[in-house]
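To find a chain, count down the sequence lines: A is the first, B the second, and so on, and within it residues start at 1.
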Amino acid sequence: MPELPDVEVFRRRLAATGLHRQVADVEVHDTSLPREVSRQRLQKVITGHELKRTRRHGKHLFAAVSCGQWLVLHFGLTGLLEYHRDGEPDDDHTRLTLRFGDGSRVAYVDQRRLGFVSLTPDVDAYVEHEPLGPDALEVSQAALRDLLRSRRGAVKSVLMDQTVIAGIGNIYSDEILFQAGVDPRAPARSLDDAACRRIHRQLRRVLQMAADRSVDVSRMPRGWLLPHREDRAPCPRGNGEVRRFRLSGRGAFYCPACQAS
DNA sequence: AGTACCACCTGACGGC
DNA sequence: TGCCGTCAGGTGGTAC
């Protein structure tokens, strides 16, 4: 689930509920969650401090701790961030809890445990070290064109490559290419200027709209592919049928009529 | 530089 | 009811 729009929703949630409040207690329920940092250090760095601000880069969420470190959150396949008031029950699969003095808390939940948390002193250095490409919403039209043409693979694979552009996964790469009318298997290197412009415009529109509507599928516009991710589902624009195929091991969906190459 | 495949985990779902 | 295969939106390693 967690692609750029999902993580942006988590970021906004954290910014609205978790900043400028002293963290009274840090519970690490899953010892395999912290990456390249011990549970003890994670607890020591955060307990008694405040979260001061948030940043997001692609699918990574960062929160500045008042001691100078940044908390790093990655959500894997099933991770999410919740806020609970005192007395509200914990979700099953809660892996990390930041508890405030009044009993309310921010909870990191991850059913399949493919996500992780970490610490870093410097977000820019972390992004460079991963390495992650520029955040998808920060890429100019010309930069996107150059990035796409710098790679040989299928345009869908290139859009999903976090070292090229950060934030786009399987779902939204399909949506962007459907909206742009581009065949997901088209070689990225072969895209003409008009196709690159359409991809850039739709990338921004799709990711921003999904985040602004809290990634609620029922609030997505008619004409989006997202609710039609099923082989032989009707094309949302009435042009025949959506088809499923495999691209480097991932299930991909597209409309052969709308996205002819 | 590509892609294919497996692994990491856990769970849901359909077929028998 | 239970067992089995398949699938899942992320990432990373390996082999070709």
Side-chain angles (χ1 to χ4, degrees), chain A residues 1-10 28-36 56-61 72-81 91-96 108-118 126-127 129-133 135-136 146-179 183-191 203 206-207 209-211 213-218 220 224-233 242-254:
Chain A
M1 170 175 38
E3 301 183 35
L4 187 152
D6 309 83
V7 179
E8 177 61 17
V9 170
F10 302 151
V28 182
H29 309 90
D30 177 357
T31 52
S32 66
L33 180 67
R35 176 187 284 188
E36 289 171 2
R56 183 192 55 70
H57 188 101
K59 304 173 187 175
H60 286 75
L61 177 58
V72 183
L73 300 169
H74 191 282
F75 297 92
L77 205 50
T78 54
L80 49 101
L81 205 61
D91 193 294
D92 291 348
H93 315 299
T94 298
R95 311 294 178 190
L96 172 73
Y108 174 101
V109 180
D110 184 13
Q111 180 197 105
R112 284 177 61 188
R113 303 200 299 157
L114 295 174
F116 65 87
V117 304
S118 192
Y126 183 94
V127 166
H129 180 259
E130 271 296 287
L132 298 175
D135 183 81
D146 293 346
L147 285 170
L148 289 173
R149 290 192 185 154
S150 73
R151 295 306 191 97
R152 283 181 174 280
V155 59
K156 175 177 165 68
S157 301
V158 176
L159 284 177
M160 288 172 58
D161 186 336
Q162 303 303 298
T163 69
V164 176
I165 314 165
I168 300 169
N170 201 29
I171 294 281
Y172 287 99
S173 59
D174 281 352
E175 189 66 57
I176 290 162
L177 293 171
F178 176 72
Q179 297 298 329
D183 188 319
R185 289 163 298 195
R189 177 166 280 194
S190 74
L191 296 169
L203 179 158
V206 165
L207 297 180
M209 198 172 281
R213 299 185 184 194
S214 303
V215 293
D216 180 346
V217 173
S218 69
M220 298 308 162
W224 276 31
L225 181 64
L226 231 146
H228 302 259
R229 296 179 67 79
E230 192 182 339
D231 198 30
R232 301 209 172 272
V242 171
R243 296 311 308 263
R244 179 182 197 274
F245 67 103
R246 282 208 168 265
L247 186 65
S248 46
R250 316 299 302 279
F253 295 86
Y254 83 125

[N] phosphate, OP1 or OP2, under 4.0 Å from [X] side-chain N/O:
X        : N      : value
A/Arg246 : C/dA8  : yes
A/His74  : C/dT11 : yes
A/Lys59  : C/dT11 : yes
A/Arg112 : C/dC7  : no
A/Arg113 : B/dT10 : yes

Exercise. Which salt bridge (Lys or Arg N to Asp or Glu O under 4.0 Å) pairs, counting each pair once, include a residue from residues 158-168 of chain A, with sequence neighbours left out?
Worked result: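 Applying salt bridge (Lys or Arg N to Asp or Glu O under 4.0 Å) to every pair that reaches into residues 158-168 of chain A, excluding sequence neighbours, yields A/Arg151-A/Asp161.
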
Exercise. If you look at every strand shown and take non-hydrogen atoms under 4.0 Å, does A/Arg151 touch a base, only sugar-phosphate, or nothing?
Worked result: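 Here A/Arg151 touches the backbone only, sparing every base.
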
For this session: Remember a base hit wins even if backbone is also touched, and classify A/Arg189 as base, sugar-phosphate or nothing at under 4.0 Å, heavy atoms.
Result: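 Result for A/Arg189 = nothing.
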
Exercise. Can you list the residues that meet the salt bridge (Lys or Arg N to Asp or Glu O under 4.0 Å) rule with A/Asp231, with sequence neighbours excluded?
Worked result: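 Result, salt bridge (Lys or Arg N to Asp or Glu O under 4.0 Å) vs A/Asp231: A/Arg243.
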
Nucleotide nearest [X] when distance is taken to its side chain, options [options]:
X        : options               : value
A/Arg152 : C/dG9, B/dG2, C/dC7   : B/dG2
A/Leu114 : B/dC8, B/dG11, C/dT11 : B/dC8
A/Arg244 : B/dT10, C/dA8, C/dG9  : C/dA8

For this session: Find which nucleotide of DNA chain C each of A/Glu130 and A/Asp6 is nearest to by heavy atoms, and output the residue with the more 5' nucleotide.
Result: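 Going by which nucleotide is closer to the 5' end, it is A/Asp6.
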
Exercise. Parallel under 30°, tilted from 30 to 60°, perpendicular over 60°: which one fits the rings of A/Tyr254 and A/Phe245?
Worked result: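 Perpendicular: the ring planes of A/Tyr254 and A/Phe245 meet at over 60°.
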
Exercise. Who passes side chain to side chain contact (heavy atoms under 4.5 Å, CB included) against A/Pro187, sequence neighbours left out?
Worked result: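 Side chain to side chain contact (heavy atoms under 4.5 Å, CB included) check on A/Pro187 returns A/Ser190.
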
Exercise. Residues in side chain to side chain contact (heavy atoms under 4.5 Å, CB included) with A/Leu80, at least two apart?
Worked result: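 Partners of A/Leu80 by the side chain to side chain contact (heavy atoms under 4.5 Å, CB included) criterion, ordered by chain and then number, come out as A/Met1, A/Phe10, A/Glu82, A/Val109.
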
For this session: Dot-bracket for DNA chain C, please, read 5' to 3', with Watson-Crick or G-U wobble pairs under 3.5 Å on both distances, ( ) within the strand, [ ] crossing, | other strand, . unpaired.
Result: .|||||||.|||||||

Exercise. Quantified in whole Å, what is the P atom distance between nucleotide C/dG5 and nucleotide B/dC6?
Worked result: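 C/dG5 and B/dC6 have their P atoms separated by 15 Å.
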
For this session: Considering only atom P, compute the distance from C/dG10 to B/dA1 and round it to an integer number of Å.
Result: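 It comes out at 24 Å once rounded to the nearest Å.
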
Problem set entry | A/Val158 and its side chain to side chain contact (heavy atoms under 4.5 Å, CB included) partner, picked from A/Val164, A/Leu191, A/Ile168 |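 When side chain to side chain contact (heavy atoms under 4.5 Å, CB included) is applied between A/Val158 and each of A/Val164, A/Leu191, A/Ile168, only A/Val164 qualifies.
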
For [X], all residues meeting side chain to side chain donor-acceptor pair (under 3.5 Å), sequence neighbours excluded:
X        : answer
A/Arg149 : A/Asp193
A/Ser218 : A/Asp216
A/Asp92  : none

For this session: Could you list by number each residue of residues 154-174 of chain A showing a heavy-atom separation from DNA chain C of less than 4.0 Å, or answer none if no residue does?
Result: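 Result for residues 154-174 of chain A: A/Gln162, A/Gly169, A/Asn170, A/Ile171, sorted by number.
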
